[in-house]
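A, B, ... follow the sequence lines: proteins, then strands. Residue 1 opens every chain.
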Protein chains: 2
Amino acid sequence: MENSEVTILLVDDEPDILEFLGYNLEKEGYHVLKAKNGQRAISMAKQYKPQLIILDVMMPVMDGMEACAEIRKIPELAGIMIAFLTARGEDYSQIAGFEAGADDYITKPIKPPLFVKRVQALLRRFQNEPDQSDIIVLKGFTIDKSRYIVIKDGVDITLVRKEFELLLFLVSCLNKVVTREEIFAGVWGEDVVVGDRTIDVHIRRIREKMGIDSIKTIKGVGYKFDED
Amino acid sequence: MENSEVTILLVDDEPDILEFLGYNLEKEGYHVLKAKNGQRAISMAKQYKPQLIILDVMMPVMDGMEACAEIRKIPELAGIMIAFLTARGEDYSQIAGFEAGADDYITKPIKPPLFVKRVQALLRRFQNEPDQSDIIVLKGFTIDKSRYIVIKDGVDITLVRKEFELLLFLVSCLNKVVTREEIFAGVWGEDVVVGDRTIDVHIRRIREKMGIDSIKTIKGVGYKFDED
DNA sequence: GGCCACGTTAACAAATCATTAATTATGATC
DNA sequence: GATCATAATTAATGATTTGTTAACGTGGCC
């Protein structure tokens, strides 16, 4: 993601600090919004949906903690990142205890290179896009190899190892029929010998857990994963 | 850290003050460098990487604020401490100074014992203060790499070394399944050989101490740290 | 109906992990 | 450098999960 696509909302009651932080972030190409208290921050957040909000803890009208709690209650702003600005010395562990809603803490005084690094790290971590090569997107669902799960309708489905490997194998031959022999060779390995019903049982469990009929049986031949 | 390992860069346009401050710091065993303006300070800072820079605010050629701002822009000097020397009364500049990235203010006139104490306190802070980049904030808790502790609900949880390293490793692959082999390679090192149950035991302790179920077991595959 | 191929279920065995305690390293302190 | 406390690992046992099988059910087809 380009920095220019990232919007950051800065919230502080001191114009100087807004200016200072804004300058450093804009220099990196981020799109920066500014608000001078928690209330304004919330309305701006609703309107512009920033990726990250940097909130000063100490503010008049509505302080950072309050604002954070409010923002966390708003469903449309779910997934937004919030970082607190705190004065050095206020033990962040105490703050962490008050409010688990924050994603990060940045202490004043602010040192620009570190500040920018921190923001970058935050954005990177939360975008945390899994490696594309580990993800297979099908019509109705997504297979994430790195997390060993299948996601269907936003719900995580956990398959156990053999089930997962079998599914992967079928999907790797999308729309093609694979024989039982090929399945054995691909999932179990050439030399392993297991009974004939073993595949059936695994297929069944996959169909059950995933609630799909994408795995078609071709009688006398084998199985096929159909992408409708 | 021995004082003799600590380098302090003094920056002032008045040789008398340089002399005076330098004498007092050297008496304590610190290694002292001197510069007579901001420009020279920056080049010396790059060359010698002092732990602390004491900058007079008022200087010809390049004043303290400017110099500070410049230094803060240099990535290799990130983490360096900067203290300003200001005349008593001009504390309006403190705000501007903190924004520029200062860590402390020392007001003139200077009284040697107080000055030295102040420097010591600063350096102590420098040594103890966790580097921002050493803190990882997750959903429910905070990991402080520099202190080897985890903070959850405001309570410090102490993990011993291997536990901590293992946790860090899992967190570094957030949401991804890591195999036992990968864990061994990442935490123990390729060549070290330990039994299979060792990981289990450490995982158990982490789960126990932290009271979490974020560490999921994927049987036959490995472990996964799930955020949420 | 009888045969065949696959589906289904539950029960079993095997693999894998969890737990606990005991043992061995490690490192700090005097 | 001996001693002690702590940490890391192993060993032994128990619990769970997973993979497989067996036994039976179903439906199509000659």
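- For the pair A:Arg180 and A:Arg204, both in contact range of DNA chain C, the more 5′-proximal nearest nucleotide belongs to A:Arg180.
- Counting to the nearest Å, the P atom of C:dT8 and the CD1 atom of A:Ile199 are 15 Å from each other.
- Nearest nucleotide to the side chain of B:Trp188, out of D:dA22, D:dT20, D:dT9: D:dT9.
- Atom NZ of A:Lys216 is separated from atom P of C:dG7 by 13 Å (rounded to the nearest Å).
- Here the C1' atom of nucleotide D:dG19 and the CD1 atom of A:Ile203 are 15 Å apart, to the nearest Å.
- In plain terms, the two heavy atoms of A:Glu227 and A:Asn175 that are nearest each other are N-OD1, 2.9 Å.
- For B:Arg205 and C:dT20, a side-chain-to-base donor-acceptor distance below 3.5 Å is absent, hydrogens and geometry of angles not being considered.
- Looking at heavy-atom distances under 4.0 Å, A:Thr217 makes contact with sugar-phosphate atoms alone, never a base.
- When distances run from any side-chain atom of A:Arg161 to the nucleotides D:dA8, D:dG19, D:dT21, the shortest one goes to D:dG19.
- Atom pair B:Leu167:CG and D:dA7:C1' shows a separation of 17 Å (rounding to whole Å applied).
- Atom NZ of B:Lys219 and atom C1' of D:dT20 are 16 Å apart (whole Å).
- Rounded to whole Å, the distance from NE2 on B:His202 to C1' on D:dA8 is 5 Å.
- Rounding to whole angstrom units, CD1 of residue B:Ile206 and P of D:dA7 are separated by 14 Å.
- For the OP1/OP2 pair of D:dT10 and a distance below 4.0 Å, the side-chain nitrogens and oxygens of B:Thr198 include at least one atom meeting the criterion.
- A salt bridge does not link A:Glu208 with A:Arg205: none of the charged nitrogens is closer than 4.0 Å to a carboxylate oxygen.
- Mapping B:Ile218 and B:Lys162 onto DNA chain D by nearest heavy atom places B:Lys162 closer to the 5' end of the strand.
- Look at CG on B:Asp200: it is 12 Å from C1' on D:dT10, rounded to the nearest Å.
- In this structure, of C:dT16, D:dG27, D:dG19, it is D:dG19 that holds the atom nearest to the side chain of A:Val160.
- Note on A:Phe164: nothing from the nucleic acid sits closer than 4.0 angstrom, heavy atoms only.
- A:Arg207 comes within contact range of the sugar-phosphate backbone alone, with a heavy-atom separation under 4.0 Å but no base atom that close.
- In terms of phosphate contacts, A:Tyr223 brings a side-chain nitrogen or oxygen within less than 4.0 Å of OP1 or OP2 of C:dG7.
- Side chains of B:Ile53 and B:Phe84 form no contact here, defined as non-hydrogen atoms less than 4.5 Å apart.
- In this structure, A:Leu55 and A:Ile82 approach most closely via the heavy-atom pair CD1-CG2, 3.7 Å.
- For A:Val201, the listed nucleotide lying nearest its side chain is C:dT8; candidates were D:dT16, C:dA18, C:dT8.
- With hydrogens and angles left out, the side-chain atoms of A:Arg161 and A:Tyr148 include no donor and acceptor closer than 3.5 Å.
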